[in-house]
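Data first, discussion second: the structure below is written as structure tokens.
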There are 2 protein chains.
Amino acid sequence: MSAEERRGSVIRAAMSEFAHGGYKGTSTEAIARRVGVSQPYLFRLFPNKQAIFLAASLRCIDITRQVIADAADGVPQEEKADAIANAYKKLLLDDPESLLMQMQTYVAVASAEAVGDHEFGEAVRERWQEMWDTVHLALGADVDETKTFMAYGMLVNTLFSLGYPAGHRNWEGFHDSARPA
Amino acid sequence: MSAEERRGSVIRAAMSEFAHGGYKGTSTEAIARRVGVSQPYLFRLFPNKQAIFLAASLRCIDITRQVIADAADGVPQEEKADAIANAYKKLLLDDPESLLMQMQTYVAVASAEAVGDHEFGEAVRERWQEMWDTVHLALGADVDETKTFMAYGMLVNTLFSLGYPAGHRNWEGFHDSARPA
DNA sequence: GCGGGTAGTGATTGGTCAATAACTTGTCCC
DNA sequence: GGGACAAGTTATTGACCAATCACTACCCGC
């Protein structure tokens with residue numbers, strides 16, 4: 001297998017492992033085991049653990065952005081907001097690791113920024129902005145509407161992370177499929 | 001110093017340490033050093049590391065809830081939303097560790113729930129619900145208004161965590177004092 | 001001045017982990 | 001068939017960490 005292909009599998013494995021364990025709580029050994037290679041080989045493919053985490057973070061945001069873009073594609077303007085919202089809810093249900101990795105990314109950026117490391121945050125912000133802009137354009141480039149839409153998304157993220165069960169009153173008004181089991 | 005007082009200082013120290021390092025990234029040694037006691041003594045005051053983290057999480061939510069309650073106290077109904085929003089933004093600026101700890105709590109709950117541990121989440125949800133209800137009552141118990149208000153709060157959390165600098169277009173529409181430096 | 005309870009420490013243990021260095025295997029080209 | 005390069009491994013190192021155990025120091029009532 002070529003190094004580039006291996007890097008791809010490493011990123012996929014890293015997303016799963018980091019999603020559950022976070023940066024510190026995930027060993028490079030665990031990632032290597034999931035990929036099926038030896039642990040030291042990871043350091044031939046990436047300079048260090050941080051680089052693997054960054055790649056996983058960016059990939060996670062890219063996937064989300066793609067889900068949004070696909071959902072909005074070919075849908076009449078007035079239905080785009082619903083289409084994106086439903087696609088995002090479906091993503092959360094079908095692939096809960098995606099939300100976990102997203103949250104892990106946020107705390108990792110916040111922690112890095114807090115100690116003066118801005119490189120990691122810069123890379124994440126760049127991709128995150130692409131996601132924001134994808135939503136913005138799809139919704140007709142209305143600043144307030146985009147902001148409100150994203151705000152509800154972040155609230156869903158939080159309720160989902162906190163494990164609020166289906167039927168809880170905080171979920172009133174959200175579509176059924178947005179609720180965790 | 002009494003054990004109860006010590007527990008208080010431990011929780012305060014733990015909030016700072018866990019905020020920056022997360023659960024796995026923070027050693028009990030670091031907490032003990034900040035408190036000024038030996039590391040093994042922490043395990044006389046708390047049964048284990050998890051219990052310290054939980055106490056720090058709950059305290060963090062309590063503080064936020066109190067800030068909200070104080071801000072709404074004695075303010076005319078139509079100004080409460082602004083008063084709470086401004087007080088929350090002030091909290092984020094004055095005490096950034098508070099947001100970090102909040103985010104660490106969210107990922108910790110999500111991770112715990114993902115592996116079938118619901119006790120930690122249950123304790124956090126209980127306190128978080130008190131915070132939600134405090135906002136809900138202050139804003140006049142309108143379900144939709146509360147939800148939108150909280151949603152904007154969660155978006156501010158995310159933008160702040162990602163370290164978006166002041167003046168960035170994503171912050172348009174938010175009050176100046178909500179922007180990180 | 002002594003007994004008991006409370007606050008607190010030192011030493012240790014069994015385990016984990018990122019990263020480096022040195023070595024091996026396979027393959028393709030000339 | 002040999003040389004060169006890419007893919008991959010084993011062994012190791014130096015550091016860190018949660019938790020337990022046995023011990024000490026102080027204070028209070030009597």
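For the numbers below, each heavy atom of this structure counts, side chains included, while hydrogens, waters and symmetry mates do not. Naming convention: chains lettered A, B, ... in sequence-line order (proteins, then strands); numbering from 1 in each chain. Just so you know, these numbers come straight off a predicted model, no measurement behind them.
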Would you indicate which nucleotide in dT9(D), dG8(C), dA18(C) comes nearest to any side-chain atom of V37(A)? dT9(D)
State which of dT9(D), dA19(D), dA19(C) makes the closest approach to the side chain of Y41(A). dT9(D)
Nucleotide of dC23(D), dT10(D), dA18(C) approaching S38(A) most closely (side-chain heavy atoms): dT10(D)
Just checking, is any N or O donor in the side chain of S111(A) or Y23(A) under 3.5 Å from an acceptor N or O on the other one? no
Write down the distance between CZ (R6(A)) and C1' (dT9(D)), rounded to a whole number of angstrom. 12 Å
From the list T28(A), I11(A), L54(A), side chain to side chain contact (heavy atoms under 4.5 Å, CB included) partner of F46(A) resolves to I11(A)
Atom NZ of K24(B) to atom P of dC17(C): distance rounded to whole Å? 8 Å
Separation of dT9(C) P from E29(B) CD (nearest whole Å): 11 Å
Counting only side-chain N and O atoms of S27(A), is one of them less than 4.0 Å from OP1 or OP2 of dT16(C)? no
Between D62(B) and Q66(B), do the side chains contain an N or O donor and an N or O acceptor separated by less than 3.5 Å? no
Can a side-chain donor-acceptor contact be found between N157(A) and Y88(A) if the only test is distance below 3.5 angstrom? yes
Separation of dT20(C) atom C1' from F46(A) atom CZ, nearest Å, is 19 Å
Nearest-neighbour nucleotide for the M1(B) side chain, dA19(C), dG8(C), dC17(C) considered: dG8(C)
Take atom CD1 of I52(B) and atom P of dA19(D), then tell me their distance rounded to the nearest Å. 8 Å
Under 4.0 angstrom between T28(A) side-chain N/O and dA18(C) OP1 or OP2: yes
Integer-rounded Å distance: dT9(C) C1' and L45(B) CG: 13 Å
Nearest to the P40(B) side chain among dA18(D), dA19(C), dG10(C), which nucleotide is it? dG10(C)
Can you say whether the rings of W128(B) and Y164(A) are parallel (under 30°), tilted (30 to 60°) or perpendicular (over 60°)? tilted
Over how many whole Å does the gap from E5(A) atom CD to dA6(D) atom P extend? 16 Å
Phosphate contact (dT6(C) OP1 or OP2) by R44(B) side-chain N/O below 4.0 Å: no
Quick one: F43(A) CZ to dT12(D) P, roughly how many Å, whole number? 19 Å
